[in-house]
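Just so we're on the same page: letters track the sequence lines, and every chain starts at 1. The analysis underlying the following values was restricted to heavy atoms, covering all of them including side chains, and did not include hydrogens, waters or symmetry mates.
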Amino acid sequence: GAGVSQSPSNKVTEKGKDVELRCDPISGHTALYWYRQSLGQGLEFLIYFQGNSAPDKSGLPSDRFSAERTGGSVSTLTIQRTQQEDSAVYLCASSLRARVDSPLHFGNGTRLTVT
Amino acid sequence: AQTVTQSQPEMSVQEAETVTLSCTYDTSESDYYLFWYKQPPSRQMILVIRQEAYKQQNATENRFSVNFQKAAKSFSLKISDSQLGDAAMYFCAYRSANYGGSQGNLIFGKGTKLSVKP
């Protein structure tokens with residue numbers, strides 16, 4: 001079947017505007033993760049959804065960042081009032097279940113550029 | 001808090017030769033998983049190999065193998081018979097085996113860029 005799908009692939013926005021990034025996980029995967037990859041850095045955990053449980057938002061860098069997952073499937077990461085430091089690649093991943101031995105499958109990411 | 005360190009920002013290897021990428025980590029936990037991910041220019045993270053901390057035997061996947069030294073908190077990746085398609089960023093990652101809390105959280109190193117020379 002299809003892998004994790006993210007859209008858009010690239011997004012350029014002006015400072016101060018809001019953006020929405022979309023992630024469509026692999027069908028049947030109950031766990032969904034968002035990571036941010038800044039230039040020259042590793043991946044920074046943002047947020048994690050598991051089924052109907054409350055999401056783990058411990059990685060969100062500020063209250064300008066929020067995410068939701070509708071119907072246990074598609075997720076949207078929203079960044080309000082974007083800043084230049086928000087420029088990065090945003091990667092989404094899903095796994096069959098939130099077990100530590102369940103591998104993460106990543107999408108190709110959205111490259112966000114804030115001008 | 002757990003940390004993952006990759007001390008080699010860039011590495012280069014001749015095609016068909018062997019290269020080893022280093023990774024060290026810091027944790028107070030005894031039960032965890034370690035991973036190596038490959039990220040080609042397509043940006044998609046691809047799982048290369050994983051190691052359960054409770055297993056003493058080093059994991060192997062075809063041309064990829066690890067040297068897991070639990071006491072030293074070291075987890076290096078060896079790529080044998082390097083191929084041009086191996087050129088990519090390689091990330092070492094740690095995942096706690098403790099259920100509850102941020103159990104889904106993978107902690108990544110900053111990566112090593114591997115170049116393969118023909």
Side-chain angles (χ1 to χ4, degrees), chain A residues 2-10 23 25-26 29-51 53-60 69 75 88-112, chain B residues 1-10 21 23-25 27 29-55 59 61 88-113:
Chain A
V4 176
S5 178
Q6 291 188 247
S7 62
S9 180
N10 293 282
C23 173
I26 293 173
H29 280 196
T30 61
L32 186 147
Y33 314 79
W34 283 98
Y35 287 85
R36 178 169 70 176
Q37 184 177 22
S38 302
L39 187 64
Q41 302 293 316
L43 275 70
E44 174 190 7
F45 169 74
L46 296 178
I47 188 169
Y48 151 65
F49 297 89
Q50 169 52 39
S53 302
D56 176 357
K57 304 179 182 180
S58 60
L60 294 179
R69 187 179 186 192
S75 177
V89 174
Y90 290 82
L91 288 163
C92 175
S94 69
S95 65
L96 185 59
R97 58 184 64 88
R99 287 165 51 106
V100 66
D101 59 347
S102 187
L104 271 64
H105 300 261
F106 284 83
N108 287 352
T110 294
R111 181 181 298 280
L112 175 66
Chain B
Q2 296 85 13
T3 58
V4 177
T5 302
Q6 292 179 250
S7 59
Q8 306 154 317
E10 297 188 24
L21 308 184
C23 173
T24 58
Y25 58 95
T27 184
E29 299 178 327
S30 60
D31 197 11
Y32 49 87
Y33 282 66
L34 296 165
F35 304 84
W36 278 97
Y37 277 87
K38 170 185 177 181
Q39 187 181 41
S42 68
R43 299 197 303 243
Q44 186 179 33
M45 299 284 283
I46 302 165
L47 178 63
V48 174
I49 198 166
R50 72 177 188 184
Q51 174 81 42
E52 293 92 333
Y54 63 85
K55 289 187 176 179
E61 288 286 343
M89 284 290 291
Y90 286 81
F91 292 93
C92 178
Y94 171 103
R95 192 179 195 185
S96 172
N98 292 324
Y99 286 84
S102 297
Q103 64 168 309
N105 188 3
L106 273 172
I107 300 169
F108 287 86
K110 293 188 177 183
T112 296
K113 182 178 181 180

B:Gln6 side chain reached by B:Phe91 side chain, heavy atoms, under 4.5 Å: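 Side-chain contact under 4.5 Å: yes.
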What orientation do A:Phe106 and B:Phe108 show, parallel under 30°, tilted 30 to 60°, or perpendicular over 60°?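 If you compare the ring of A:Phe106 with that of B:Phe108, the planes turn out perpendicular.
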Which residue out of A:Asn108, A:Val4, A:Val89 racks up the most heavy-atom pairs below 4.5 Å with chain B?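 Winner by heavy-atom pair count: A:Asn108.
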Heavy atoms only, distances under 4.5 angstrom: which of A:Gly42, A:Ala93, A:Pro103 has the most pairs with chain B? Name it, please.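 Top option by heavy-atom pairs under 4.5 Å: A:Gly42.
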As a quick check of understanding, evaluate ring-ring contact (aromatic ring centres under 6.0 Å, His included) for B:Tyr32 and B:Tyr94, giving each step before the final call. CA-CA 7 Å; B:Tyr32 49 87; B:Tyr94 171 103; 5.1 Å; yes
Heavy-atom contact with chain B under 4.5 Å, split by part of A:Thr110: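 Contact with chain B is through the backbone of A:Thr110 alone.
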Under 4.5 Å from any heavy atom of chain B - which part of A:Leu91: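 For A:Leu91, the side chain is the part near chain B, not the backbone.
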Between A:Arg36 and A:Glu44, does any NZ, NE, NH1 or NH2 come within less than 4.0 Å of an OD or OE carboxylate oxygen?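 Salt bridge flag = yes for A:Arg36 with A:Glu44.
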Pick one of side chain, backbone, both or neither for B:Gln39, based on which atoms fall under 4.5 Å of a heavy atom in chain A.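 For B:Gln39, side-chain heavy atoms alone lie under 4.5 Å from chain A.
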Is it true that a side-chain atom of A:Ser94 and a backbone atom of A:Ala31 form a donor plus acceptor pair closer than 3.5 Å?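 No, the answer is negative, given that no donor and acceptor are paired below the 3.5 Å cut-off.
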Could you check which of B:Met89, B:Gln44, B:Arg50, B:Arg43 has the highest count of heavy-atom pairs closer than 4.5 Å to chain A?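 Between B:Met89, B:Gln44, B:Arg50, B:Arg43, the count favours B:Arg43.
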